[in-house]
Amino acid sequence: MDSKQIREAFLEFFASKSHQIVPSAPMVVKNDPTLMFTNAGMNQFKDIFLGNAPVKSPRIADTQKCLRVSGKHNDLEEVGHDTYHHTMFEMLGNWSFGDYFKKEAIDWAWELLVGKFNIPVDRLYATVFEGDAKDGVLLDSEALALWKKYLPESQILFGNKKDNFWEMGDSGPCGPCSEIHVDIRNDDERSAIPGRALVNESHPQVIEIWNLVFIQFNRKANGQLEELPAKHVDTGMGFERLCMVLQKKQSNYDTDVFQPVITELGFLAGKKYGEDEKSDIAMRVIADHIRAIAFAITDGQLPSNNKAGYVIRRILRRAVRYGYTFLGFRKPFMHQLINVLADQMGGAFPELNKQRDLVTKVIREEEDSFLRTLETGIRMLENIMGVARKKSQTEISGVVAFELYDTYGFPLDLTELILREESFTVNREEFEKAMEEQKNRSRNATQLETGDWIEIRPSLESEFVGYDALESELKICRYRKVKDKKGEYFQLVFDKTPFYAESGGQIGDTGWIEIEGVKLEIFDTVKENGLTVHLAKTLPADPSATFTGLVNTSKQLSTAGNHTATHLLYHALREVLGTHIEQKGSLVTPDSLRFDFSHFQKVSDEELEQVEKRVNELIRHNSARDERREMPMADAEKLGAIALFGEKYGDKVRVIKFGDSIELCGGIHVTATGEIGQFVIISEGSISAGVRRIEAISGEKAEAFLRHKMKTAKELTTLLNNPSDLKGAVEQLLQKVSALNSQMEAFKKEAASGLKKELLKQITNVNGINFLASKLPVDDAGIIKDLAFQLNGEVDNLFLVFAAEIEGKASVHVMIADNLVRERGLHAGNIIRELAKLVDGGGGGQPFYASAGGKNPNGIPGLLEKAKEMISE
RNA sequence: GGGGGAUUAGCUCAGUUGGCUAGAGCGUUUGACUGGCAGUCAAAAGGUCAUCGGUUCGAUUCCGAUAUUCUCCA
């Protein structure tokens, strides 16, 4: 079976057991502060497990794109070195939400693996939770009994809390799990050492393939477990591993999931996979990472310099690093693999095919930029080695290596590699120490304490009523205190709320909750795991009372205007530039809007003008908002509604339509486009390869902006005596200024040359030196400097002192011919320090030229005298 | 969120006890050589040294803030 058939077989099997098959959620997670990427199949159902969302379908199965870069079983730096760990992988899973439990989960797992996939029974092992005294949980005898139906006891193992008890976090739903392991070693090895001894021992050929989690408890913040009323099943089977087992390979990378990319890579590098351990590792690293990067980008996460985007950038750089070191690539190469990848996986994940060009471009750009970073690092390393050589050291300080890594992003392994070639070593201990310090600093800075939720009344979902009202009666269901470095605040959850939580680029509402004339400020509203959480500095006196929630209407109105304007902008962009425009990001605040979209060139001024004009036209059409809150996804698609890549949508979606602009959107909008009033584009630019950003304003802000512009223009017109052609008048003015300037330059030059002639006459011979000391009638230090340099070029053996009064202060300059500096040991800097005392000032400079200033211009005559005395000695 | 860097010509970057009339390479323009192109040589243009404030006689350089950006950690 090839990988496509395996994926299909899994989904078909569970469909036949009345499971609803759902698409994979995006790999990039939104609305969950604890998670950046989907790292397990259950992530998209977290809301349901937490009880924040209702069960839509009791039985579900899917294949889920997951990304793991850190965690207890996974370290980015290890991926590629073995044959079965990955950054991105597919997790096949089946779920029961309060429906079937252990019996069906185990029976079906068996039916599929043994009955359908024909995995030999003697190669399978199951683990069962042994119980934990501290938690007061007994051995999972139910699971044990079920396994005994299929497996001899010699193939059933008991696992402790670490291996066989699954928890989502410090608190929340949890329960025992049962893992299925498979032994794919050859018969000789199997008879030498029983597979039983190798289960959970990180053996590459005795591996866990499927984990069946039985969620039956809820762990409270105090650590206690309570039995859940509705029990769930959550399973996950690593797709790549399954393919390895079924295709009878010894490595995930030997399956048809990775081989096409590896073959292409070998072609590009001129190497064959399987001939050299080091280049094999590099090829595995790249084959793995290219998938992670490509899917992250299609899910809307571009590489960037922080958060999730930075994780993607680091994965890409790791791959480039391996290609650079072990495959000899010196030019971008990763982007050339996208075509093969898209051909192979675009069927199951169409988003990859659709965005092939963008992915290629973005990766190429990133590769270029990292190769530049490497160049800079290599240059710096060469300097460092040069210094070390001079001091005849052979060890480079770990602090220096750490600086290279920490500040310039130059990886330690490359540092060591390059140093080794030149017979240097690096002090690793110092490096580790510096790293440890950095980690401690970060940890201390991110202390965040969250208290237990205090429940006032039970609630399943907090109902959002803000589409219809900006004011509503509400009750607090639960609250908790959160403490971070800056202070503490409270998170409140209401039974229903008119406050819009930050989502889809639109920032959260602010406002108040009021009781008997007392107002409590809500300073932000956010979404956490599908729950709308309101932030307040303090708690009300009686949290159990009924309040009136009041949204800050003026702010929200501006926000709504900007949000609708964003839709119109998107629409206009597609009209003017073409339908290849895809939204890549959006920020809607009361003050402005920001819209990122895919487009491969700069948007020209003409196009920008056209877009702006079109949006204002759409505003004047005054199209009324046509809102459908519960439209089935299929109908929305038929309507031609625009959806976002990387956004998770339910079966029922909200559709917002203004004229021909139709989008899936949960945000707040004006009732008709006319309310926006006005739309002005402020800037257009690039934020990454193939992605442009437009910033714009609307409504009152736009009006104020234009008024200000007009006022400026009007003031200019007045200043220029009301010319009929303002631009022409300014041009004329500029011309005049530049003509005057050059004239003035000429005059100045003439004056200076007159002055110069005069000064030349004043030169006297003192002690064989051509001496000149003069107070100049000049008010620009630059001219004095100029004169000094000119005279120095024309007169030999020159020693000159110039002084002038500029804006009530003294300015003094000393110039000494080079030969005098050399022969007589004169130093202008030292001399001027002496002289400057006479004008209550100080100064300095180089041996041949120095300048000084002083507060007392009356000292100038004395200063000039003193200069002569100094030279006469 | 915390730490460390960077911001100098169109681009890539130099520029240390604070004072060198701020430089290099590439690119651009012009000229010369050449039948033409490529090329070589010569010359020129191009800088609010990110912004604002402070220290100082004097700041690209030191200090502080802001913006942008890179990088590491969480």
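The figures that follow rest on heavy atoms only: side chains count, while hydrogens, waters and symmetry mates do not. Lettering of chains follows the sequences in order, A, B, ..., and the numbering in each one begins at 1.
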At a cut-off of 3.5 Å, list every protein nitrogen or oxygen paired with a nitrogen or oxygen from nucleotides 6-9 of chain B, distance to 0.1 Å.
none

key: Backbone N/O of A:Ala817 and side chain of A:Asn797: donor-acceptor pair under 3.5 Å   = no
message = Work out how far the P atom of B:rU28 is from that of B:rU71, and round it to whole angstrom.
response = 30 Å
ask   = Can you tell me how far P of B:rG4 sits from CZ of A:Arg441, to the nearest Å?
value = 7 Å
request  = Mind telling me whether A:Tyr405 and A:Phe431 have parallel, tilted or perpendicular rings, with 30° and 60° as the class edges?
outcome  = tilted
key: Plane angle bin for A:Tyr849 and A:His813 - parallel if under 30°, tilted between 30 and 60°, otherwise perpendicular   = tilted
query = In whole Å, what separates the C1' atom of B:rU16 from that of B:rG1?
reply = 35 Å
request  = Rounded to whole angstrom, note down the C1' distance from B:rA22 over to B:rC13.
outcome  = 14 Å
task = Name all stems that contain residues of RNA chain B, defined as runs of 3 or more consecutive Watson-Crick or G-U wobble pairs, both distances under 3.5 Å.
result = B:1-7 with B:67-73, B:10-13 with B:23-26, B:28-33 with B:39-44, B:50-54 with B:62-66
request  = Whole angstrom is fine here: how far is it from CD in A:Glu365 over to P in B:rC70?
outcome  = 11 Å
request  = Determine whether any donor atom in the side chain of A:Gln438 lies under 3.5 Å from an acceptor atom in the base of B:rG2, or the reverse, and answer yes or no.
outcome  = yes
query = How far does CD1 of A:Ile507 sit from CG of A:Asp524, to the nearest 0.5 angstrom?
reply = 7.5 Å
task = Any chance you could measure A:Leu863, atom CG, to A:Ile832, atom CD1, to the nearest 0.5 Å?
result = 8.0 Å
task = Give A:Ala852 one of three labels, base, sugar-phosphate or nothing, depending on what nucleic acid heavy atoms sit under 4.0 Å from its own.
result = base
request  = Using atom CZ of A:Arg314 as one end and atom C1' of B:rC73 as the other, report the distance to the nearest whole Å.
outcome  = 9 Å
task = Determine the Euclidean distance between corresponding P atoms of B:rG3 and B:rA45; express it in Å to zero decimal places.
result = 46 Å
inquiry  = Tell me whether the count of non-hydrogen atoms from other residues, nucleotides or ligands lying under 6.0 Å of CD in A:Glu865 goes above 12.
reply    = no
request  = Under 4.0 Å between any heavy atoms, over every strand shown, what does A:Gly853 touch: base, sugar-phosphate, or nothing? Just pick one.
outcome  = base
Separation of the P atoms in B:rA38 and B:rG31, to the nearest angstrom = 14 Å
query = How close or far is atom C1' of B:rG3 from atom NZ of A:Lys433, stated in whole angstroms?
reply = 16 Å
Can you name the atoms? Protein N/O to nucleotides 21-27 of chain B N/O, anything below 3.5 Å, with the distance.
unit_1 : atom_1 : unit_2   : atom_2 : d
B:rU21 : N3     : A:Asp786 : OD1    : 3.0

task = Report yes or no: do A:His85 and A:Glu78 form a side-chain donor-acceptor pair below 3.5 Å?
result = no
inquiry  = Nearest to the side chain of A:Arg313, heavy atoms from C-beta on, is which of B:rG5, B:rU71, B:rC73?
reply    = B:rU71
key: C1'-based separation of B:rC52 from B:rG39 [nearest Å]   = 49 Å
remark   = Per nearest nucleotide of RNA chain B, the residue lying toward the 5' end, A:Thr407 or A:Lys439, is A:Thr407
key: Distance-only donor-acceptor test (3.5 Å): side chain A:Asp406, base B:rG3   = yes
task = Identify whether the distance between the nearest side-chain nitrogen and carboxylate oxygen of A:Asp368 and A:Arg372 falls below 4.0 Å.
result = no
note = Rounded to whole Å, CG of A:Leu412 lies from P of B:rC73 at a distance of 12 Å
key: Side-chain donor or acceptor of A:Arg693 paired with backbone N/O of A:Phe595 under 3.5 Å   = no
inquiry  = Rounding to an integer number of angstrom, what distance separates B:rC63 and B:rU56 when you compare their P atoms?
reply    = 16 Å
Between C1' of B:rU69 and CZ of A:Arg372, the distance in whole Å = 13 Å
query = CZ of A:Phe370 versus P of B:rC70: gap in Å, rounded?
reply = 14 Å
query = About how many Å separate CG of A:Asn440 and CD of A:Gln438, when rounded to the nearest 0.5 Å?
reply = 10.0 Å
ask   = Is A:Arg833 touching bases, backbone alone, or none of the nucleic acid, heavy atoms closer than 4.0 Å?
value = nothing
ask   = Taking atom P of B:rC70 as reference, at what distance in whole Å does atom CG of A:Leu374 sit?
value = 16 Å
query = Can we say A:Arg321 and A:Glu77 salt-bridge, meaning some charged N sits less than 4.0 Å from an Asp/Glu carboxylate O?
reply = yes
key: Nearest-neighbour nucleotide for the A:Lys307 side chain, B:rU71, B:rA74, B:rG3 considered   = B:rA74
message = Pick the closest RNA chain B nucleotide for A:Tyr405 and for A:Asp840 by heavy atoms, then say which residue is nearer the 5' end.
response = A:Asp840
inquiry  = Between A:Thr415 and A:Pro411 (side chain of the first, backbone of the second, donor and acceptor by atom type, cut-off under 3.5 Å), is there such a pair?
reply    = yes
message = Less than 3.5 Å apart, any donor N or O on the side chain of A:Ser397 or A:Glu430 sitting next to an acceptor on the other?
response = yes
inquiry  = Work out how far the P atom of B:rA59 is from that of B:rG54, and round it to whole angstrom.
reply    = 12 Å
inquiry  = With a 4.0 Å cutoff (strictly under), does any side-chain N or O of A:Arg317 reach OP1 or OP2 of B:rU71?
reply    = yes
ask   = Parallel, tilted or perpendicular for A:Phe848 and A:Phe789, by the 30°/60° rule?
value = perpendicular
